[in-house]
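Working notes, beginning with the structure itself.
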Amino acid sequence: LPTLAAAHEDEVLAVWSGLGYYSRARNLHAAARAVAAHHDGRFPAERVAIEQLPGVGRSTAAAIAALAFGQRCAILDGNVKRTLCRFHGIDGWPGSSAVEKKLWELAEAHLPEERLVDYSQAIMDFGATLCTRSDPSCVLCPLQVDCVALQEGRVEQLPESKPGKPLPERRTMMLVLRDLEGRVL
């Protein structure tokens with residue numbers, strides 16, 4: 001961490017070269033500097049403090065706090081969102097504020113009292129391997145009896161896709177000029 005924090009951004013980007021997503025390299029570098037400057041070089045263990053680091057959102061902060069520090073934090077990555085939407089039959093696009101709020105509540109309600117690290121890793125893996133975006137393995141799913149989407153035949157419809165932007169409306173006015181004999185000019 002101290003070496004990364006002390007490095008010049010060009011050095012970090014050179015090492016990152018070929019990996020793409022250069023904003024991630026910049027955020028990683030900025031986060032290392034923030035840890036060095038504000039946390040005495042020690043990575044913070046609390047979700048709220050982790051979330052304040054550049055490039056770290058609520059779910060990533062929760063994942064770090066849960067998996068690295070054993071904190072009781074819900075994770076809501078794409079795999080978990082999909083799993084919860086299907087299991088609970090949640091309508092709407094998961095990226096909308098109302099649906100995301102509901103998903104956070106459900107994610108927190110599902111947190112077990114024990115083996116939190118195992119649960120956190122398992123629910124992410126579950127969405128990545130069984131409750132996949134396309135062609136989910138419902139026949140192998142240990143939750144199939146209680147899965148609302150499966151019971152209602154809506155597995156392929158949930159979670160709902162991001163609504164498309166409405167096409168812009170265009171209006172055109174035309175004037176047709178004709179001569180006295182009716183020919184278009």
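Since this is a predicted model, take the numbers as computed values, not measurements.
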Which pairs would a plain distance check flag for residues 42-58, meaning a side-chain donor or acceptor within less than 3.5 Å of a matching protein atom at least two apart in sequence or in another chain?
| from | atom 1 | to | atom 2 | distance (Å) |
| --- | --- | --- | --- | --- |
| Arg47 | NH1 | Glu51 | OE1 | 2.4 |
| Arg58 | NH2 | Glu108 | OE2 | 3.0 |

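Leu111 forms part of a hydrophobic cluster together with Leu67, Ile75, Leu76, Val80, Leu84, Ile90, Val99, Leu103, Trp104, Leu106, Leu116, Val117, Tyr119, Ile123, Met124, judged by ILVMFWY side-chain heavy-atom separations under 4.5 Å. Summarising the hydrophobic clusters (Ile, Leu, Val, Met, Phe, Trp, Tyr; side-chain heavy atoms under 4.5 Å, direct or chained), the residues clustered with Val15 are none. Cluster partners of Phe126, using a side-chain heavy-atom cutoff of under 4.5 Å among ILVMFWY residues and allowing indirect links, are Phe87, Leu130, Val139, Leu140, Leu143.
Counting non-hydrogen atoms of other residues, nucleotides and ligands closer than 6.0 Å to CG of Asp179 gives a total above 12. Counting non-hydrogen atoms of other residues, nucleotides and ligands closer than 6.0 Å to CG of Asp10 gives a total above 12.
Residues passing the salt bridge (charged side-chain N to carboxylate O under 4.0 Å, His left out) test with Asp118 are Arg115, sequence neighbours excluded. Residues satisfying the ring pair (Phe, Tyr, Trp, His ring centres under 6.0 Å) criterion with His29, sequence neighbours excluded, are absent altogether. Listed by chain and number, the residues in a side chain to side chain contact (heavy atoms under 4.5 Å, CB included) with Leu177 are Leu175, Leu185 (sequence neighbours excluded). Here Glu160 pairs with nothing under the salt bridge (charged side-chain N to carboxylate O under 4.0 Å, His left out) rule; sequence neighbours left out. Remark: Lys81 pairs with Glu100 by the salt bridge (charged side-chain N to carboxylate O under 4.0 Å, His left out) rule, at least two apart or across chains. For Glu9, the salt bridge (charged side-chain N to carboxylate O under 4.0 Å, His left out) partners at least two apart in sequence or on another chain are Arg26. Residues meeting the ring pair (Phe, Tyr, Trp, His ring centres under 6.0 Å) test with His39, sequence neighbours left out: none.
Remark: the Arg24 side chain and the Asn27 side chain contain no N/O donor-acceptor pair separated by less than 3.5 Å.
For residues 165-175, no pair satisfies side-chain hydrogen bond (donor to acceptor under 3.5 Å, both in side chains), with sequence neighbours left out.
The shortest distance between side-chain heavy atoms of Trp93 and Ser161 does not fall below 4.5 Å. The side-chain heavy atoms of Val155 and Pro136, taken from C-beta on, include a pair separated by under 4.5 Å.
Here the side chain of Arg33 pairs a donor or acceptor atom with the backbone of Ala7 at under 3.5 angstrom. Distance alone, capped at 3.5 Å, places no donor-acceptor pair between the Arg82 side chain and the Pro159 backbone. In this structure, Arg154 contributes its side chain and Gly89 its backbone to a donor-acceptor pair below 3.5 Å. With hydrogens and angles disregarded, no donor-acceptor distance shorter than 3.5 Å links the side chain of Thr132 to the backbone of Ala128.
Nearest heavy-atom pair, Ala74 versus Ala62, reported as atom, atom and distance to 0.1 Å: O-CB, 2.9 Å. Residues Ala36 and Ala5 come closest through the heavy atom pair CB-CB, 3.9 Å.
In this structure, OH in Tyr22 is found 7.5 Å from CG in Leu13, a value given to the nearest 0.5 Å. Atom CD in Glu152 sits 9.0 Å away from atom SG in Cys147 (nearest 0.5 Å). Atom-to-atom distance recorded for Cys85:SG and Asp91:CG is 9.0 Å, nearest 0.5 angstrom. Atom-to-atom distance recorded for Ser23:OG and Leu28:CG is 11.0 Å, nearest 0.5 angstrom.
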